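Below is one structure, written out as structure tokens, with a few remarks after it.
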There are 2 protein chains.
Amino acid sequence: MAGLPELGLEQFDPESARCQGVSGVLQRVGDKWSVLIVAILAAGPRRFSQLRREIPAISQRMLTLTLRSLERDGLVSRTVTPTIPPRVDYELTTLGHSLQQPVLALAQWAVAHLPEIAEAQARFDTTRERPR
Amino acid sequence: MAGLPELGLEQFDPESARCQGVSGVLQRVGDKWSVLIVAILAAGPRRFSQLRREIPAISQRMLTLTLRSLERDGLVSRTVTPTIPPRVDYELTTLGHSLQQPVLALAQWAVAHLPEIAEAQARFDTTRERPR
DNA sequence: CTGTATCCGCTGAGATACTG
DNA sequence: CAGTATCTCAGCGGATACAG
């Protein structure tokens, strides 16, 4: 958070529901797969196995868990079609779509400043160590 | 990320340096203490022990580690004054300040949609389980 | 096809004690 | 004051196997 005042967090209180909630959202953004899945679903609904193919690096377990969390938070809707074999479609909710603007802004900041960050890291690493 | 195209991530490649970098930034934002520390430093430089007092819940170890990471990424500058006892001031860099806009946007999104999220979670939890 | 259940190693993070 | 060094434990996340 930048200005805590702007958020109604004048004096930091880690116990307040508001702070907990904000922190929760930030952690969801920081989690390994959530943002990527939301980004993919932003282009349209996908079936479970489509997502697996589009994200080869994810394990089945983590795909399931991540989708469950997103569903629980109301960002993604899950629609089961009980055919045989079964079919499950995942789709971004309105809330899920609304998350995209701020997240995209952050991602663009990241892309824009990647060189600067890499340079700072390189400088730090060479300056401060010869770690063994 | 919302539109991967907008980021130059047309087809997802987890190995690409760009994707790694964006992911790294998102994880820094999601990390437990980084954003809070950046928010506090946004109001002005602080000494190590001032930060400890302003964030009672953080351990000395995590404060040190978090500040080191932020310094490594070029978001925070560390200034040692070798008096006795020593004095160390932490301050946001220009890059650190520039991170605030997108992060604040995200935090404001979170605050705005907190009720909606809580409601979705409650619905999910009551609908899907009586976990024992 | 779409999951759930298990096992398991790695890392994150707290508590505590010690140092310049 | 401002750290570093250990120890420890819990939880994330991968691999694999099984189920509806």
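Every value quoted in this text rests on a predicted model; they were computed, and no experiment measured them. The chains referred to below are lettered A, B, ... by the order of the sequence lines, with proteins before strands, and numbering in each begins at 1.
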*Under the side-chain contact (heavy atoms from CB on, under 4.5 Å) rule, collect the residues that match up with Arg52(A), sequence neighbours excluded.*
Phe48(A), Gln60(A), Leu63(A)

*For Ser98(B), what residues pass the side chain to side chain donor-acceptor pair (under 3.5 Å) criterion, not counting sequence neighbours?*
Trp109(A)

*Could you tell me whether the side chain of Thr126(B) and the main chain of Arg123(B) form a donor-acceptor pair under 3.5 Å?*
yes

_Nearest 0.5 angstrom please: Arg78(B) CZ to Arg72(B) CZ, how far?_
15.5 Å

*asked:* Closer than 3.5 angstrom, by distance alone: can the side chain of Ser34(B) be matched with the main-chain N or O of Gly30(B) as a donor-acceptor pair?
replied: no

*Which pairs pass salt bridge (Lys or Arg N to Asp or Glu O under 4.0 Å) with one or both residues in residues 108-118 of chain B, sequence neighbours excluded?*
none

*Side chain of Ser23(B), backbone of Cys19(B): donor and acceptor closer than 3.5 Å?*
no

*asked:* So for the helix from dC1(C)-dG20(D) to dG20(C)-dC1(D), with five pairs setting each end axis, what is the inter-axis angle to 10°?
replied: 40°

_Treating primed atoms plus P, OP1 and OP2 as sugar-phosphate and everything else as base, which nucleotides of nucleotides 1-16 of chain D get B, S or - for protein heavy atoms under 4.0 Å?_
BBBB-B------BBB-

*Atom CG of Leu63(B) and atom C1' of dA15(C): how far apart are they, to the nearest Å?*
16 Å

N/O donor to acceptor pairs below 3.5 angstrom from side-chain atoms of residues 36-44 of chain B, sequence neighbours left out:
none

